[in-house]
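Beneath this line is the structure, given in structure tokens, with notes to follow.
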Amino acid sequence: KGKRAFIAGVADDNGYGWAIAKSLAAAGAEILLGTWVPALNIFESSLRRGKFDESRALPDGSLMEITKVYPLDAVFDNLEDVPEDIKSNKRYAGSSKWTVQEVAESVKEDFGSIDILVHSLANGPEVTKPLLETSRKGYLAALSASSYSYVSLLKHFLPIINPGGSSISLTYIASERIIPGYGGGMSSAKAALESDTRVLAFEAGRKRKIRVNTISAGPLRSRAAKAIGFIDMMIDYSIANAPLQKELSAEEVGNAAAFLSSPLASAITGTVLYVDNGLNAMGVGV
Ligand code: NAI
């Protein structure tokens with residue numbers, strides 16, 4: 001029987017989440033998406049108007065079907081967490097049931113269970129500031145949106161992930177090496193996400209036989225990456241210095257995610273898998 005995947009963090013066709021959805025769809029999975037509430041309207045209307053049809057094309061010529069798009073804001077676990085100004089914000093008031101717990105409940109109601117959970121989201125309001133200039137509020141916001149959001153998603157979805165299922169997040173090498181410009185506590189957030197990948201692999205493995213891995217991806221010109229401001233330089237740097245001197249495509253990360261989600265990876269859990277043309281292995285740029 002086909003597997004069902006829930007992919008959190010898709011709001012256009014440029015990012016890793018979209019590419020992962022396509023690779024999973026190409027492998028036969030049913031696709032459910034979680035889209036950030038403020039980006040939901042434009043994403044759904046673009047989908048309806050056929051703006052993504054070209055990029056929905058799968059290798060066999062068919063178009064990726066998206067069974068359902070759920071509004072999601074992964075910094076809120078349940079309604080009690082949501083402050084008044086967000087509740088009354090008109091972009092949020094137009095949707096409902098978008099906290100992590102409510103989304104998991106809705107997916108359970110609609111489909112009963114899933115097999116694959118993907119976290120492809122991050123946000124650091126002060127990402128352009130060096131760590132030394134980052135406020136406590138900005139740092140904690142980066143951790144909340146980029147790290148705890150994953151703990152929360154896995155916690156709430158775990159009861160409905162079928163045994164043998166798998167969960168994946170996306171990380172970046174700034175967690176372990178100095179990448180000037182990846183600021184605002186985002187490097188710290190990725191370090192937390194990678195450490196949590198190991199602990200969650202243990203807990204979810206013992207509890208439900210679920211595998212937990214993260215992909216350390218190379219640079220991609222996504223919407224989020226463009227907001228950081230140095231993405232073109234990182235892409236050029238990688239092409240100049242990595243063992244494989246080519247631009248990384250989102251599809252290559254999508255394919256690695258499909259592998260990790262498949263029975264081919266049935267003994268792989270708790271790992272950080274580099275999908276970066278090998279750049280992580282270099283000691284100096286040459
Ligand atoms: P993207 O812009 O396609 O994806 C980020 C998504 O997060 C967006 O759809 C945004 O709406 C969503 N989001 C932000 N805050 C949210 C919240 N509170 N609740 C729900 N959704 C929220 O960009 P990209 O780059 O594909 O990012 C996906 C993942 O890949 C992130 O974890 C990112 O850190 C990681 N990554 C990206 C790299 C790159 O060069 N683009 C390199 C390595 C990792």
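Positions are given from 1, in the same order as the sequence printed here. Counting starts at 1 for both ligands and their atoms, following the listed order.
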> In the protein, what heavy atom is nearest to atom 25 (O) of ligand 1, and what distance, to one decimal place, separates them?
Replying inline: Ser222 OG, 2.6 Å
> Taking only heavy atoms of Ala217, which atoms of ligand 1 are found under 4.0 Å from at least one of them?
Replying inline: 42 (C), 43 (C)
> Are any of the heavy atoms in Ala39 under 4.0 Å away from ligand 1?
Replying inline: no
> Which atoms of ligand 1 sit under 4.0 Å from any heavy atom of Leu72?
Replying inline: 19 (N), 20 (C)
> Can a donor-acceptor pair be found between the side chains of Thr214 and Glu194 at a distance below 3.5 Å?
Replying inline: no
>> With no hydrogens and no angle check, just 3.5 Å: does a side-chain donor-acceptor pair link Tyr150 and Ser167?
In response: yes
> Under a heavy-atom criterion of less than 4.0 Å, does Pro38 contact ligand 1?
Replying inline: no
>> Assess whether a salt bridge exists between Arg208 and Glu203, defined as any Lys/Arg side-chain N lying under 4.0 Å from an Asp/Glu carboxylate O.
In response: no
>> Students should be able to answer this: which protein heavy-atom is nearest to atom 41 (N) of ligand 1, and at what distance?
In response: Leu220 O, 3.0 Å
> Considering only heavy atoms of Ala74, which atoms of ligand 1 have at least one such atom less than 4.0 Å away?
Replying inline: 17 (C), 18 (N), 19 (N), 20 (C)
>> Which of the numbered atoms in ligand 1 are under 4.0 angstrom from any heavy atom belonging to Gly218?
In response: 40 (O), 42 (C)
> Counting N and O atoms only, with roles assigned by atom type, does the side chain of Asn277 sit under 3.5 Å from a partner on the main chain of Leu279, one being a donor and the other an acceptor?
Replying inline: no
> Taking only heavy atoms of Gly9, which atoms of ligand 1 are found under 4.0 Å from at least one of them?
Replying inline: 4 (O), 6 (C), 9 (O)
> What residue and atom, counting heavy atoms only, is the protein's closest point to atom 3 (O) of ligand 1, and at what distance?
Replying inline: Gly15 CA, 3.2 Å
> By number and element, which atoms of ligand 1 are closer than 4.0 Å to a non-hydrogen atom of Ala225?
Replying inline: 41 (N)
> Regarding Ser187 and Ser175, is there a side-chain donor-to-acceptor distance under 3.5 Å anywhere?
Replying inline: no
> What is the nearest protein non-hydrogen atom to atom 11 (O) of ligand 1, stated with its residue, atom name and distance?
Replying inline: Trp36 CB, 3.3 Å
>> Can you see whether Glu102 engages Thr99 through a side-chain donor-acceptor pair at a distance of less than 3.5 angstrom?
In response: yes
> Got the closest protein heavy atom to atom 5 (C) of ligand 1, with its distance?
Replying inline: Ser120 O, 3.7 Å
>> Could you check whether any heavy atom of Pro219 sits closer than 4.0 Å to an atom of ligand 1, since that is the contact criterion I want to use?
In response: yes
> What's the shortest heavy-atom distance between Ile179 and Met234, and which atoms?
Replying inline: CG2-CE, 3.7 Å
> For atom 38 (C) of ligand 1, what's the nearest protein heavy atom and its distance?
Replying inline: Tyr16 CE1, 3.6 Å
>> For the backbone of Asn41 and the side chain of Ser45, can you confirm whether one donor and one acceptor N or O come within less than 3.5 Å of each other?
In response: yes
>> I need the atoms of ligand 1 closer than 4.0 Å to a non-hydrogen atom of Thr171, numbered in the order shown.
In response: 43 (C), 44 (C)
> To the nearest 0.1 Å, how far is atom 35 (C) of ligand 1 from its closest protein heavy atom, and which atom is that?
Replying inline: Leu170 CB, 3.6 Å
> Would the Phe43 and Trp36 ring centres measure less than 6.0 Å apart?
Replying inline: no
> When you look for heavy atoms under 4.0 Å from ligand 1, do you find them on the side chain of Ala122, its backbone, both, or neither?
Replying inline: both
>> Using a 4.0 Å cut-off to any heavy atom of Asp73, which atoms of ligand 1 qualify?
In response: 17 (C), 18 (N), 19 (N)
> Side chain or backbone of Ala224 under 4.0 Å from ligand 1, or both, or neither, by non-hydrogen atoms?
Replying inline: both
> Has Thr35 got any heavy atom lying under 4.0 angstrom from an atom of ligand 1?
Replying inline: no
>> I need the minimum non-hydrogen distance between Gly9 and Leu121, along with the two atoms involved.
In response: CA-CB, 4.0 Å
> Backbone, side chain, both or neither: what part of Asn123 comes under 4.0 angstrom of ligand 1, heavy atoms only?
Replying inline: side chain
>> Can you tell me which portion of Lys190 lies within the under-4.0 Å heavy-atom range of ligand 1? Options are side chain, backbone, both, or neither.
In response: side chain
> If you measure only the distance, is there a donor-acceptor pair under 3.5 Å linking the side chains of Asp73 and Tyr92?
Replying inline: yes
> Can Glu126 and Arg136 be counted as an ion pair, charged N to O under 4.0 angstrom?
Replying inline: no
>> For atom 7 (O) of ligand 1, what's the nearest protein heavy-atom neighbour? Residue, atom name and distance, please.
In response: Leu121 CB, 3.2 Å
> N/O of Ile231 under 3.5 Å from N/O of ligand 1, yes or no?
Replying inline: no
> Is Met186 near ligand 1, meaning one of its heavy atoms is under 4.0 Å from it?
Replying inline: no
> Closest approach of Phe76 and Pro83, non-hydrogen atoms and distance?
Replying inline: CE2-CD, 3.6 Å
>> Checking the side chain of Arg4 only, and the main-chain atoms of Ser113 only, is there a donor and an acceptor separated by less than 3.5 Å?
In response: yes
>> Checking side-chain polar atoms at under 3.5 Å, does Asn14 have a donor or acceptor matched by the opposite partner on Ser222?
In response: no
